[in-house]
There are 2 protein chains.
Amino acid sequence: MQLKELSEHSGVSAASIKYYLREGMLPAGQTVHATRAQYSARHVERLNLIQALRRIVGLNIEQIRGLLKMADDGAPRLTLLAAVQRVVLDLGASTTSSGGVRAPAGDAVVRLRNWPDYPSDARSALNAHLELMENLNIRVSSELLDTYSKAMDDVAGLDIAVTTAPDSVDQLILTAAVGLHLHSQLLLKLLALAQASHAIRRYEQDA
Amino acid sequence: MQLKELSEHSGVSAASIKYYLREGMLPAGQTVHATRAQYSARHVERLNLIQALRRIVGLNIEQIRGLLKMADDGAPRLTLLAAVQRVVLDLGASTTSSGGVRAPAGDAVVRLRNWPDYPSDARSALNAHLELMENLNIRVSSELLDTYSKAMDDVAGLDIAVTTAPDSVDQLILTAAVGLHLHSQLLLKLLALAQASHAIRRYEQDA
DNA sequence: CCCTTAGGATAGAACCACTATCCAGTACAC
DNA sequence: GTGTACTGGATAGTGGTTCTATCCTAAGGG
């Protein structure tokens, strides 16, 4: 497959493919001659991954390059998963972890759910986020955390089962990043719908 | 309060304040004379709102201007809430609602939870999102939707109680937008933590 | 009375993800 | 053998967004 065909197969413009090559996100094709290169199905897969991370998850070039580099360097799956979480979590984080004084509320969740007591990016992100919400005077009761974390616990098992299965590392990244993002978006939409429903009900009562 | 003082009070640069004035997001101060204007605490509040919508929720100028215009035009609360949901939901939406053939899965959720059967942006966003996930072969079981929607239902009541209370309209927007966004981010972080926990547990088993 | 500020206008800057153009070299079809 | 199409490489430009900076005149206040 030549560059032009690769472009047609993947739906990415030739100029963009060149750009990705320049940025080191797409491995160079096998140079048959000085002016001819062959691309494989792996390149198509990689392009699809890049597109999904850009379009759906909304990662930027820098973040995608980092993840792909780790994958190409043969990082272990758990490390890769952690890296994926890091970039997906960073998206909306103001990362103002101002060294909290009190015991972080996120740690309580870990105990409550009987999750293994390993420090992780997810955990510090959670703690930072809870602190942020507190600073903004948005109350997060422990009952709420209980409800939320239980629901997340219930579903995480399924996700992980899928995540540890896939054959290619590209697939792993795709599943982890896109899955995490889309589940969060799904929850956002359900929450909005629930809120709208409650608001309408209340409005009807008043009327 | 003069422009410079307003800048100091709000932490927004004078140039930016001028920009917001130009863009019609901040009402003009009371012109005492041709070259002197007075700003009030409302301006500070409004600036804080703008900052929160930009920095935390990640809305763009256009979206913020729209919301503020509605607020200033005295739109009813329910309308305002719907508008807030619309912009917050649109953030990650590919909005490729390709006119599904089958019965949308989101409608089933509405029936299941016994929510009022009102069409809303949240509902179409949910349907579109479920369709997207299906297209990407990310399975969303009805048990999962049940778990998720129940958790969201449980918490929406609390949120709405808070949302209908605040006195100023600026506060309403702030609470609704920031609240919706931060809850979604909270869920994202909990989900990541849950996934990481499950992954670690599984890894320990294998080792 | 002069320094500082206001308001208005306009231009520039910085970032990001491309996109377009140009180039010389060369394989492949005919 | 010739011409076309395509290559990698380099470099510059585009378009959108959110500011930021500069310049101007007019005028209040210590």
Side-chain angles (χ1 to χ4, degrees), chain A residues 1-40 43 46-69 87 90-92 94, chain B residues 1-40 43-44 46-68 87 90-92 94:
Chain A
M1 202 187 318
Q2 311 199 153
L3 199 146
K4 207 180 184 186
E5 294 171 274
L6 178 60
S7 161
E8 282 154 9
H9 274 267
S10 60
V12 180
S13 78
S16 292
I17 293 178
K18 279 183 167 191
Y19 173 66
Y20 293 149
L21 284 166
R22 268 202 307 284
E23 296 293 323
M25 300 159 69
L26 196 62
Q30 190 157 24
T31 36
V32 182
H33 308 289
T35 67
R36 197 101 341 180
Q38 284 294 319
Y39 300 93
S40 66
H43 289 90
R46 176 57 64 97
L47 277 176
N48 287 337
L49 173 58
I50 293 174
Q51 292 295 37
L53 293 180
R54 283 276 316 126
R55 299 264 143 81
I56 300 177
V57 189
L59 300 184
N60 64 33
I61 298 296
E62 176 82 24
Q63 294 168 319
I64 296 175
R65 181 170 38 209
L67 288 181
L68 295 180
K69 191 174 176 330
V87 292
D90 264 352
L91 278 185
S94 334
Chain B
M1 202 186 320
Q2 310 198 157
L3 198 146
K4 209 181 183 186
E5 294 172 275
L6 178 61
S7 162
E8 282 153 9
H9 273 269
S10 60
V12 180
S13 77
S16 292
I17 293 179
K18 278 184 166 190
Y19 172 66
Y20 293 149
L21 285 167
R22 268 203 307 285
E23 295 293 322
M25 300 159 70
L26 196 61
Q30 191 157 23
T31 36
V32 182
H33 309 286
T35 68
R36 197 98 345 178
Q38 283 295 319
Y39 300 94
S40 65
H43 288 90
V44 179
R46 177 55 66 96
L47 276 175
N48 287 338
L49 173 59
I50 293 174
Q51 292 294 77
L53 293 179
R54 281 275 316 126
R55 298 266 144 81
I56 299 177
V57 189
L59 300 183
N60 64 32
I61 298 296
E62 176 81 26
Q63 294 169 319
I64 297 175
R65 180 170 40 208
L67 288 181
L68 295 180
V87 292
D90 264 352
L91 277 185
S94 335

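Here is how names work: the chains are called A, B, and so on, in the same order as the sequence lines, proteins then strands, and each is numbered from 1.
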> Less than 4.5 Å apart, any side-chain heavy atom of Leu67(A) and any of Leu49(A)?
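Not in contact.
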> Any heavy-atom pair between the side chains of Gln51(A) and Ile56(A) that's under 4.5 Å?
no
> Can you tell which of Val87(A), Asn60(A), Asn48(A), Leu59(A) makes a side-chain contact (heavy atoms from CB on, under 4.5 Å) with Leu53(A)?
Leu59(A)
> Starting at CD1 of Ile64(B), measure out to CZ of Arg46(B) and round the result to the nearest 0.5 Å.
10.5 Å
> Could you list all the side chain to side chain donor-acceptor pair (under 3.5 Å) pairs where at least one residue sits in residues 14-25 of chain A, not counting sequence neighbours?
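Applying side chain to side chain donor-acceptor pair (under 3.5 Å) to every pair that reaches into residues 14-25 of chain A, excluding sequence neighbours, yields Ser13(A)-Ser16(A), Glu23(A)-Arg65(A).
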> To the closest 0.5 Å, what do you measure between CG (Leu6(B)) and CG (Leu47(B))?
5.0 Å
> Would you mind telling me which residue lines up with the more 5' stretch of DNA chain D, Arg22(A) or Glu5(A), judged by nearest nucleotide?
Glu5(A)
> Atom CD1 of Ile61(A) and atom P of dA17(C): how far apart are they, to the nearest Å?
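Ile61(A) atom CD1 is separated from dA17(C) atom P by 5 Å.
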> Rounded to the Å, how far apart are Gln38(A) CD and dA27(C) C1'?
12 Å
> Heavy atoms within less than 4.0 Å of DNA chain C: which residues of residues 11-18 of chain A have one? Give them sorted by number.
Ser13(A), Ala15(A), Ser16(A)
> From CG of Leu21(A) over to P of dC18(C), roughly how many Å is that when rounded to an integer?
14 Å
> Between which nucleotides of DNA chain D, 5' to 3', does chain B make heavy-atom contacts below 4.0 Å?
dT18(D) to dG28(D)
> To the nearest 0.5 Å, what is the distance between CE on Met1(A) and CD on Glu8(A)?
10.5 Å
> So does Tyr19(B) get a side-chain nitrogen or oxygen closer than 4.0 Å to the phosphate oxygens (OP1/OP2) of dA9(C)?
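Negative; the distance criterion is not met.
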> Any side-chain N or O of Arg54(A) less than 4.0 Å from the OP1 or OP2 oxygen of dC18(C)?
yes
> Look at the side chain of Thr31(A) and the backbone N and O of Ala37(A), then say whether any donor-acceptor pair between them is shorter than 3.5 Å.
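No; zero donor-acceptor contacts below 3.5 Å.
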> Can you tell me the distance, in whole Å, between the CG atom of Leu53(A) and the C1' atom of dC16(C)?
17 Å
> Could I get a table of every N or O pair under 3.5 Å where one atom is in the protein and the other is in nucleotides 2-5 of chain C?
from   : atom 1 : to      : atom 2 : distance (Å)
dT5(C) : OP1    : Lys4(B) : NZ     : 3.1
dT5(C) : OP2    : Lys4(B) : NZ     : 3.4
dT5(C) : O3'    : Gln2(B) : NE2    : 3.4

> Report the residues that fulfil side chain to side chain donor-acceptor pair (under 3.5 Å) with Ser40(A), sequence neighbours left out, ordered by chain and then residue number.
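Partners of Ser40(A) under the side chain to side chain donor-acceptor pair (under 3.5 Å) test: His43(A).
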> My understanding is that only residues two or more places apart in sequence, or in another chain, count here; which of them pass side chain to side chain contact (heavy atoms under 4.5 Å, CB included) with Lys69(A)?
Asp73(A)
> Give a yes or no answer on whether the side chain of Arg36(A) reaches the backbone of Gln2(A) with a donor-acceptor pair at less than 3.5 Å.
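Absent.
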